[in-house]
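Written below as structure tokens is the structure these notes are about.
Residue numbers start from 1 in every chain, and the chains themselves are labelled A, B, ... in the order their sequence lines are given, proteins ahead of strands.
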Number of protein chains: 2
Amino acid sequence: MHSFTEENYLKAIYHLSEGNLMAVSTNQIAEMTNTKAASVTDMLKKLSEKKLINYIKYQGVTLSNSGLNAAVNIIRKHRLWEFFLVEKLGFKWDEVHDIAEELEHINSATLINRLDDFLGNPAVDPHGDPIPDRSGLIKHKKLVKVSEMKAGEQGTVSGVSEHSSVFLKLLEKLGLTLGSKIMITELIEFDGSIILTINQKTDRTISREVAKNILVML
Amino acid sequence: MHSFTEENYLKAIYHLSEGNLMAVSTNQIAEMTNTKAASVTDMLKKLSEKKLINYIKYQGVTLSNSGLNAAVNIIRKHRLWEFFLVEKLGFKWDEVHDIAEELEHINSATLINRLDDFLGNPAVDPHGDPIPDRSGLIKHKKLVKVSEMKAGEQGTVSGVSEHSSVFLKLLEKLGLTLGSKIMITELIEFDGSIILTINQKTDRTISREVAKNILVML
DNA sequence: TAATAATTTTAGATTAGCCTAAATAAAATA
DNA sequence: TATTTTATTTAGGCTAATCTAAAATTATTA
Ligand SMILES: [Mn+2]
Ligand SMILES: [Mn+2]
Ligand SMILES: [Mn+2]
Ligand SMILES: [Mn+2]
């Protein structure tokens with residue numbers, strides 16, 4: 001198996017390369033893992049030796065098939081544990097990430113598959129992120145940022161692209177939790193802020209910065 | 001917090017000093033942690049620095065108050081996770097120990113207390129071992145080895161002093177699981193083996209070696 | 001395109017946890 | 001009690017993961 005640290009690097013590379021299929025840079029990884037570039041270079045050599053990544057000096061890095069597999073498995077574990085913490089233990093969606101960062105390294109395929117069944121094979125975690133199934137398949141939904149919606153458009157809040165506790169708590173306070181139906185009432189030209197109606201009841205104004213991090217299914 | 005490794009040493013010292021309040025020796029710890037005596041000495045110095053143990057060169061070691069506290073907390077976590085694995089995820093009692101060895105190091109008081117509540121604050125784990133409460137209190141039951149029972153005596157199987165998978169599976173096959181009512185039918189003088197009746201139905205003969213590792217509440 | 005800036009890698013150290021072999025202390029035995 | 005055996009500690013090294021500082025490479029800009 002891979003070490004705790006190796007797993008965290010693989011996960012970092014995965015998250016950094018999602019969407020853009022570009023190679024990931026040393027500095028990006030250093031930032032995400034809270035280490036220094038020199039340390040990252042050391043680890044990249046090691047992961048490359050193990051054939052978990054494709055690495056060319058100075059040219060950045062991509063995950064190999066086995067590296068991708070390992071990364072997706074860690075993410076599966078992370079998201080299932082987050083679901084467990086919220087649905088079974090009563091945690092709030094802003095409280096679970098750090099604990100899941102530890103739990104995701106528990107190493108037992110049987111455990112995670114039984115947990116999956118116990119939870120009813122959930123499709124998404126408490127933040128709306130898709131949970132890979134046991135074969136590693138991820139069902140991505142097509143989601144749109146609120147900041148990209150036009151006046152009059154409607155949709156259901158289905159994800160967030162910012163997972164910090166402070167942001168999630170704000171959404172909670174605004175009533176913009178997962179499943180909320182929203183309609184864009186007005187786009188304020190001056191600063192890009194947006195007025196929207198939640199569940200056909202409440203009107204709220206949110207900044208462009210907030211709107212960029214809320215993902216909606218149209 | 002303490003490192004994964006430090007926690008394992010504290011746990012080892014705790015288990016080795018249970019019952020006999022004697023100081024624990026370097027070699028005992030080395031055996032329990034699958035390391036060498038020299039490595040243990042290194043760690044004992046470190047734990048002593050941190051005031052987690054009382055250590056005098058060549059004289060063995062005992063847990064300090066804070067060390068005991070830490071050890072009991074790890075054991076609480078271990079046993080609660082074992083209970084979870086058996087009661088919620090459907091694991092057998094011989095399958096949970098290794099996974100719990102990993103889970104016991106997850107570091108969140110909130111998590112473990114919520115898990116405790118979710119599980120209904122169980123008193124004992126799947127092996128009959130008492131689960132410390134959130135204040136660290138352990139309710140030890142007075143249990144007797146089957147090997148110490150006399151002919152005609154009755155009791156309820158309530159614990160095991162051997163946790164290996166092979167032993168637990170044997171008990172399962174014999175029908176000697178936790179909660180079984182047993183009565184000593186006959187003591188065989190020749191080899192110390194014991195004939196007993198389980199739940200007033202089945203008769204079984206068990207060796208002295210097996211009998212020594214089954215704990216009964218009279 | 002040549003100079004400058006930014007990024008990445010290498011060199012050389014550090015720390016935790018582990019090891020073997022040698023030295024020392026304690027316990028057992030003659 | 002002197003000797004031998006056993007247990008423990010010390011000495012010296014190793015590996016994984018990290019760091020800072022310096023060197024090398026790539027990217028940017030004048
Ligand atoms: Mn998370
Ligand atoms: Mn999540
Ligand atoms: Mn156990
Ligand atoms: Mn147990």
> So, is A/N27 close to the C/dT8 phosphate, meaning a side-chain N or O under 4.0 Å from OP1 or OP2?
Replying inline: yes
> B/S25 has a side chain; which of D/dT8, C/dC19, C/dT10 sits nearest to it?
Replying inline: D/dT8
> When you measure from the side chain of A/Y9, which nucleotide among D/dT18, C/dC18, C/dA11 comes out closest?
Replying inline: D/dT18
>> Under a 3.5 Å cutoff, is there a donor and acceptor pairing between the side chains of A/D129 and A/H163?
In response: yes
> Looking at B/T41, does any N or O in its side chain come under 4.0 Å of the phosphate oxygens OP1/OP2 on D/dT9?
Replying inline: yes
>> Please confirm whether the shortest side-chain N or O distance from A/Y55 to OP1 or OP2 of C/dT9 is below 4.0 Å.
In response: yes
>> The side chain of B/T26 is closest to which nucleotide in this list: C/dT7, D/dT9, C/dT9?
In response: D/dT9
> C/dA25, C/dT10, C/dC18: which one has an atom nearest the side-chain heavy atoms of B/T35?
Replying inline: C/dC18
> Are the aromatic rings of A/H127 and A/H97 close, with centres under 6.0 Å apart?
Replying inline: no
> Just checking, A/K88 and A/F118: is the charged tip under 6.0 Å from the six-membered ring centre and within 45° of the axis?
Replying inline: yes
> Could you state the NZ-P distance from B/K57 to D/dT9, rounded to the nearest angstrom?
Replying inline: 8 Å
> Which listed nucleotide (C/dT9, D/dT18, C/dT20) is nearest to the side chain of B/K36?
Replying inline: C/dT20
>> Using a 4.0 Å heavy-atom cut-off, does B/T5 contact any base of the nucleic acid, only the sugar-phosphate backbone, or nothing at all?
In response: sugar-phosphate
